[in-house]
Undergrad: 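For reference, the structure I am asking about is given below.
FYI, side chains are in, hydrogens and waters are out, and symmetry mates aren't considered; it's all heavy atoms of this structure. Here, residue 1 is the first one in the sequence, and each next residue gets the next number. In this text the structure is predicted, and so the values were computed from the model without any measurement.
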Amino acid sequence: MDLNADLGEGFGNWTLTDDDALLACVTSANVACGFHAGDASVMRRVCDAAAAGGVRIGAQVSYRDLAGFGRRSMDVPPAELTAEIAYQIGALRVFAQAAGSTVSYVKPHGALYNRAVWDDDQAAAVVAGVRLAGGGLAVLGLPGSRLLAHAAEAGLPAVEEAFADRAYTPQGTLVPRGEPGAVVHDADDVVRRSVGMAVERAVTGADGSRIPVSARSLCVHGDTPGAAALARRVRTALEEAGVAVRAFA
């Protein structure tokens, strides 16, 4: 199982994620590319640290929404969204290559991630942007999403992802952040859920039902309080359960 986290979610003098601590325990880093968070200095620093630690670098692309942290849904014309996805990947690729690494995959952030689960046009535009950027990059997304369907149709590696610290609906989608209980805060519960998703391939939904989970990568959100310590606990628990923790890309 791959273990990923959102990193580089700062801007100028403002910081959010404990990048160095998270890089010490994750295998893949979803690096903000400047549209919901991140700037040139942040991207360069995170890419340098990820490359030095042997952590895979992924482009976390989003709607152009710094004020809303990329969590507000937007009706962006497909052609414009395609160009913006390629733009973000290209920006991060410069710093990854300068660090002696490369961008290995793409993961949408926030509202774009959730929109691409069901919106055919937006999902197709994201995949078109990945293709425009070149390199045959893997696409990370929710199982059963239109995003992964379009990625597979385009011949790109489509990688299914699960979330350690997010609640699931009975349909296997994420409970919207605006609803109570959308984020799982109890660390012991997060660890138990993580092992269950990796070993039993299932998770308990918000309504108590048992939901099948098919995933090659597990996400611990970098902006969750105590995220680094939580990620360390998740990794240790996975390894103690006999799960090999390694990058998918």
Undergrad: Which is it for Thr17 and Glu9 under the side-chain hydrogen bond (donor to acceptor under 3.5 Å, both in side chains) test, yes or no, and what are the steps along the way?
TA: CA-CA 6 Å; Thr17 48; Glu9 290 184 326; 5.3 Å; no
Undergrad: Taking all atoms of both residues into account, what is the closest heavy-atom pair of Ser28 and Asp2, and its distance?
TA: OG-OD1, 2.7 Å
Undergrad: Is Arg210 paired with Glu200 through a side-chain N to carboxylate O contact shorter than 4.0 Å?
TA: yes
Undergrad: Could you check whether any side-chain N or O of Gln88 sits under 3.5 Å from a backbone N or O of Ser62, counting only pairs where one atom can act as donor and the other as acceptor?
TA: yes
Undergrad: Any chance you could lay out the side-chain contact (heavy atoms from CB on, under 4.5 Å) test for Leu156 and Val130, step after step, and finish with the verdict?
TA: CA-CA 9 Å; Leu156 301 174; Val130 176; 3.8 Å; yes
Undergrad: Take Asn4 and Glu161, measure what side-chain hydrogen bond (donor to acceptor under 3.5 Å, both in side chains) needs, and give me the verdict at the end.
TA: CA-CA 9 Å; Asn4 78 73; Glu161 178 183 34; 3.1 Å; yes
Undergrad: Work out which heavy atom in Ala29 is nearest to a heavy atom in Val55; give both atom names and the distance.
TA: N-CG1, 3.7 Å
Undergrad: What distance do Leu81 atom CG and Asp121 atom CG have between them, rounded to the nearest 0.5 Å?
TA: 10.5 Å
Undergrad: Work out which heavy atom in Val103 is nearest to a heavy atom in Ala59; give both atom names and the distance.
TA: CG1-N, 4.0 Å
Undergrad: Pair Thr204, Tyr168 - check side-chain contact (heavy atoms from CB on, under 4.5 Å), show working.
TA: CA-CA 8 Å; Thr204 300; Tyr168 280 80; over 6 Å; no
Undergrad: With clusters defined by side-chain heavy atoms of hydrophobic residues (ILVMFWY) lying less than 4.5 Å apart, directly or transitively, does Leu137 cluster with Phe35?
TA: no
Undergrad: Stepwise, does the side-chain hydrogen bond (donor to acceptor under 3.5 Å, both in side chains) test hold for Gln122 with Tyr63?
TA: CA-CA 11 Å; Gln122 297 282 281; Tyr63 289 124; 2.6 Å; yes
Undergrad: Is it the case that atom CZ in Arg246 sees more than 12 heavy atoms from other parts of the structure closer than 6.0 Å?
TA: no
Undergrad: Quick one: does any side-chain atom of Thr82 pair with a main-chain N or O of Ala125 as donor and acceptor, under 3.5 Å?
TA: yes
Undergrad: So, Phe163 versus Tyr113, ring centres under 6.0 angstrom or not?
TA: yes
Undergrad: Counting only N and O atoms by type, is there a donor-acceptor contact under 3.5 Å from the side chain of Arg166 to the main-chain atoms of Ala182?
TA: yes
Undergrad: Transitively linked via ILVMFWY side-chain contacts under 4.5 Å: Val46 with Leu16?
TA: no
Undergrad: Strictly distance-based, threshold 3.5 Å: is any side-chain N or O of Ser209 a donor or acceptor partner for the main-chain N or O of Gly205?
TA: no
Undergrad: Identify the two heavy atoms, one from Ala164 and one from Met197, that lie closest to each other, and give their separation to 0.1 Å.
TA: CA-CE, 3.9 Å
Undergrad: Can any side-chain N or O of Arg146 pair as donor or acceptor with the backbone N or O of Asp120 at less than 3.5 Å?
TA: no
Undergrad: Please give me the minimum heavy-atom distance between Arg71 and Ala111, naming the atom from each residue.
TA: C-CB, 3.7 Å
Undergrad: Would the distance check show the side chain of Arg232 and the main-chain N or O of Ala24 forming a donor-acceptor pair, the cut-off being under 3.5 Å?
TA: no
Undergrad: State whether the side chain of Asp165 and the backbone N or O of Val184 hold a donor-acceptor pair below 3.5 Å, judged by distance alone.
TA: no
Undergrad: Looking only at heavy atoms, which two atoms of Arg233 and Ala187 are closest? And how far apart?
TA: NH1-CB, 3.6 Å
Undergrad: Any donor-acceptor pair under 3.5 Å linking the side chain of Asp19 with the backbone of Leu7?
TA: no
Undergrad: Apply salt bridge (charged side-chain N to carboxylate O under 4.0 Å, His left out) to the pair Asp75 and Arg115, showing each step before the final yes or no.
TA: CA-CA 10 Å; Asp75 293 319; Arg115 182 78 172 261; 2.8 Å; yes
Undergrad: Sequence neighbours excluded, which residues qualify as ring-ring contact (aromatic ring centres under 6.0 Å, His included) partners of His150?
TA: none
Undergrad: Does atom CZ of Arg131 have more than 12 heavy-atom neighbours, drawn from other residues, nucleotides or ligands, at distances under 6.0 Å?
TA: no
Undergrad: Do the side chains of Lys107 and Asp6 get close enough for a salt bridge, i.e. N-O under 4.0 angstrom?
TA: yes
Undergrad: Stepwise, does the side-chain contact (heavy atoms from CB on, under 4.5 Å) test hold for Asp189 with Arg192?
TA: CA-CA 5 Å; Asp189 194 15; Arg192 282 193 298 270; 3.9 Å; yes
Undergrad: Kindly write out the residues that satisfy side-chain contact (heavy atoms from CB on, under 4.5 Å) with Val117, not counting sequence neighbours, or none if the list is empty.
TA: Leu142, Ser145, Thr173
Undergrad: As a test of understanding, state which of His36, Met74, His109 forms a side-chain contact (heavy atoms from CB on, under 4.5 Å) with Asp65.
TA: Met74
Undergrad: Between Arg44 and Phe95, is NZ or CZ placed under 6.0 angstrom from the six-membered ring centre and within 45° of the ring axis?
TA: no
Undergrad: I would like to know whether Arg56 and Ser104 meet side-chain hydrogen bond (donor to acceptor under 3.5 Å, both in side chains); could you show each step before the answer?
TA: CA-CA 7 Å; Arg56 297 293 189 272; Ser104 299; 4.6 Å; no
Undergrad: Tell me if the CG atom of Asp186 is crowded by more than 12 foreign heavy atoms within 6.0 Å.
TA: yes
Undergrad: For atom OH of Tyr87, is the number of surrounding heavy atoms from other residues, nucleotides or ligands below 6.0 Å larger than 12?
TA: no
